[in-house]
Amino acid sequence: MTSKAAALTTRQSSTAVPAVKPRCKIHSTAIIADKAQITGSHIVEIGENVIMHPHAKIRADHGNVYVGKGCQIAEKAVVGAGEPTGSSDAADMVIGEGVSIETSAVVEAQKVGDYTTLEVKSSVGRGAVVGRWCKVAPMCEVREQEVLEDYTVVFGDGQKGRRIDGVLRDRKEVRDAKLKGKAMEMEVLKGLIPDSKMKWTMG
C-alpha cells in the first residue's frame, strides 16, 4: 500500500501546477489540456481558439512567449527558447496565427509566421525566423538564426533541402482549402480535449 501511495503522489506531483506560475494571459476560447505544461517566469500569452494538447509544453524560462489565434500545439511538442548563449540574447518568441506544431516538435525560434506547419519531431533552432505558410517536414531541422522566406518547404539539410511551394504561393484557392480543413480539424479537437486553463489563470 505504501509503494502504491508513493507512486500516486509522484504522478500527481508531475502534473501539478508549478509553485511559481508564469504570468499567463489566456483567451477565453483557448483550450489548455489538464496535462499540458507552462513553465517559466516570463509572460505567456495565448490567443483565441488555441488548442494545447496533453503533455505539450510552453517554456517561458528565458523570454516571453506569444501564441497567435487558431494555433495547435500537439503532444510532447515544446515551444520556447532554451538557455541563452549570452547575457544580452533576446529570447522572446512569437508564434503567428494558425500555426500547427505537431507531436514532439521543438521550437526555439524568434518568430514563426502565420499558417506554418512544423511536422512530427521537427525542430526550429534558437533565433530562427520562419515565414508564412512554411512547412518543416518530419525530423527536419531549421538551423539557429536561419531565415526562411514565405512558402518555404524544408525537407532536408542545407539549401538543397529547401524549396518554395509555388502552388501554395500562387493559388489562393489552395490556401483557402487548407484553411477550411484546418478549421474543421480544430472544431473536432475542441470536443475531444477537456479544458483546464483555469488552473493557469487563477491565483
Side-chain angles (χ1 to χ4, degrees), residues 15 17-18 21-40 42-60 63-81 92-122 124 128-136 138 148 150-151 165 168 172-203:
T15 59
V17 178
K21 294 193 295 184
R23 293 173 286 170
C24 294
K25 301 178 181 178
I26 303 176
H27 194 277
S28 61
T29 60
I31 294 176
I32 312 298
D34 179 55
K35 293 185 179 180
Q37 298 179 48
I38 305 175
T39 65
H42 293 269
I43 295 171
V44 174
E45 186 169 350
I46 297 175
E48 64 181 281
N49 294 317
V50 169
I51 297 178
M52 193 172 174
H53 290 236
H55 306 293
K57 183 175 183 178
I58 294 175
R59 58 186 188 192
N64 302 327
V65 178
Y66 173 81
V67 181
K69 70 178 183 180
C71 290
Q72 180 183 173
I73 306 174
E75 294 88 347
K76 298 183 180 180
V78 179
V79 174
D92 291 350
M93 173 182 293
V94 176
I95 306 295
E97 296 183 10
V99 173
S100 293
I101 301 172
E102 297 186 357
T103 301
S104 297
V106 178
V107 187
E108 296 187 278
Q110 177 183 335
K111 183 177 181 180
V112 177
D114 298 345
Y115 312 118
T116 282
T117 299
L118 308 175
E119 296 190 337
V120 174
K121 293 187 177 180
S122 62
V124 183
V129 176
V130 179
R132 301 172 70 251
W133 289 102
C134 293
K135 181 171 76 171
V136 181
L148 298 182
D150 296 347
Y151 305 103
D165 188 336
L168 193 62
K172 183 177 182 296
E173 68 273 20
V174 175
R175 299 196 299 273
D176 289 344
K178 285 183 173 289
L179 290 176
K180 183 177 180 180
K182 170 78 171 179
M184 294 173 64
E185 177 188 10
M186 296 292 276
E187 284 301 314
V188 171
L189 289 172
K190 286 179 182 178
L192 296 176
I193 301 176
D195 182 28
S196 295
K197 65 173 165 282
M198 289 300 293
K199 72 180 183 179
W200 301 105
T201 57
M202 293 178 64

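Note that these values count all heavy atoms, side chains included, but never hydrogens, waters or copies made by symmetry.
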Worksheet item: Do side-chain atoms of K135 reach the backbone of T116 as a donor and acceptor pair under 3.5 angstrom?
Response: no
Worksheet item: Going from OG1 on T29 to NE2 on H27, what distance comes out if it is rounded to the nearest 0.5 angstrom?
Response: 4.5 Å
Practice prompt. Might you work through the side-chain contact (heavy atoms from CB on, under 4.5 Å) test for V94 and Q110, ending with a clear yes or no?
Written response: CA-CA 6 Å; V94 176; Q110 177 183 335; over 6 Å; no
Worksheet item: Side chains of S104 and K121: closer than 4.5 Å at any heavy-atom pair?
Response: yes
Item to complete: Please check if the side chain of K69 supplies one atom and the backbone of V50 the other of a donor-acceptor pair under 3.5 Å.
Response: no
Item to complete: Enter the distance from I58:CD1 to Y66:OH here, rounded to the nearest 0.5 Å.
Response: 12.0 Å
Worksheet item: Taking D92 for the side chain and G63 for the main chain, is one N or O donor matched with an acceptor at less than 3.5 Å?
Response: no
Worksheet entry | Sub-4.5 Å side-chain heavy-atom contact between V124 and V106 | no
Worksheet item: With the threshold set at 4.0 Å, does a side-chain nitrogen-carboxylate oxygen contact exist between K199 and D34?
Response: yes
Worksheet entry | Closest non-hydrogen atom pair between G96 and D114, with its separation | CA-OD1, 3.3 Å
Worksheet item: Is the shortest heavy-atom distance from the side chain of I101 to the side chain of V79 under 4.5 Å?
Response: yes
Item to complete: Begin from the C-alpha positions of R175 and K178 and carry the test side-chain contact (heavy atoms from CB on, under 4.5 Å) through to its verdict.
Response: CA-CA 5 Å; R175 299 196 299 273; K178 285 183 173 289; 5.7 Å; no
Worksheet entry | Main-chain N/O of I32 paired with D195 side-chain donor or acceptor, under 3.5 Å | yes
Practice prompt. Might you work through the side-chain contact (heavy atoms from CB on, under 4.5 Å) test for V78 and V107, ending with a clear yes or no?
Written response: CA-CA 6 Å; V78 179; V107 187; over 6 Å; no
Discussion item. When you compare the side chain of N64 with that of M93, does any pair of heavy atoms fall below 4.5 Å?
Written reply: no
Discussion item. Check the orientation of Y115 and W133. Use parallel for under 30°, tilted for 30 to 60°, and perpendicular for over 60°.
Written reply: tilted
Fill in: K25 atom NZ, over 12 foreign heavy atoms within 6.0 Å
no
Discussion item. Please find the pair of heavy atoms, one from P54 and one from A33, that lie closest to each other, and give the distance.
Written reply: N-CB, 3.4 Å
Discussion item. Under 4.0 Å between a side-chain nitrogen and a carboxylate oxygen: does that hold for D176 and K180?
Written reply: no
Worksheet, complete the sentence: Value for CD (E45) from CD1 (I95), rounded to nearest 0.5 Å, stands at 13.0 Å
Worksheet item: Just checking, is any N or O donor in the side chain of S100 or K182 under 3.5 Å from an acceptor N or O on the other one?
Response: yes
Worksheet item: So, for I38 and I46, which heavy atoms are closest and what is the spacing to 0.1 Å?
Response: CD1-CD1, 4.2 Å
Worksheet, complete the sentence: Correct closest heavy-atom pair for W200 and C24 would be O-CB, 3.8 Å
Fill in: From OG1 (T103) to CD (E75), nearest 0.5 Å
5.0 Å
Worksheet entry | Pair E108 + R59, salt bridge at N-O below 4.0 Å | yes
Worksheet item: Where is the tightest heavy-atom contact between G80 and V65, given as atom of each residue plus distance?
Response: CA-CG2, 4.4 Å
Response to the item:
Heavy-atom closest pair (A105 atom, L118 atom, distance to 0.1 Å) is CB-O, 4.2 Å
Worksheet item: Nearest 0.5 Å, what's the OG-NZ distance between S196 and K35?
Response: 11.0 Å
Worksheet entry | Distance-only donor-acceptor check, side chains H53 and Q72, under 3.5 Å | yes
Worksheet item: What do the steps show when you test I51 against I73 for side-chain contact (heavy atoms from CB on, under 4.5 Å), and what is the final call?
Response: CA-CA 6 Å; I51 297 178; I73 306 174; over 6 Å; no
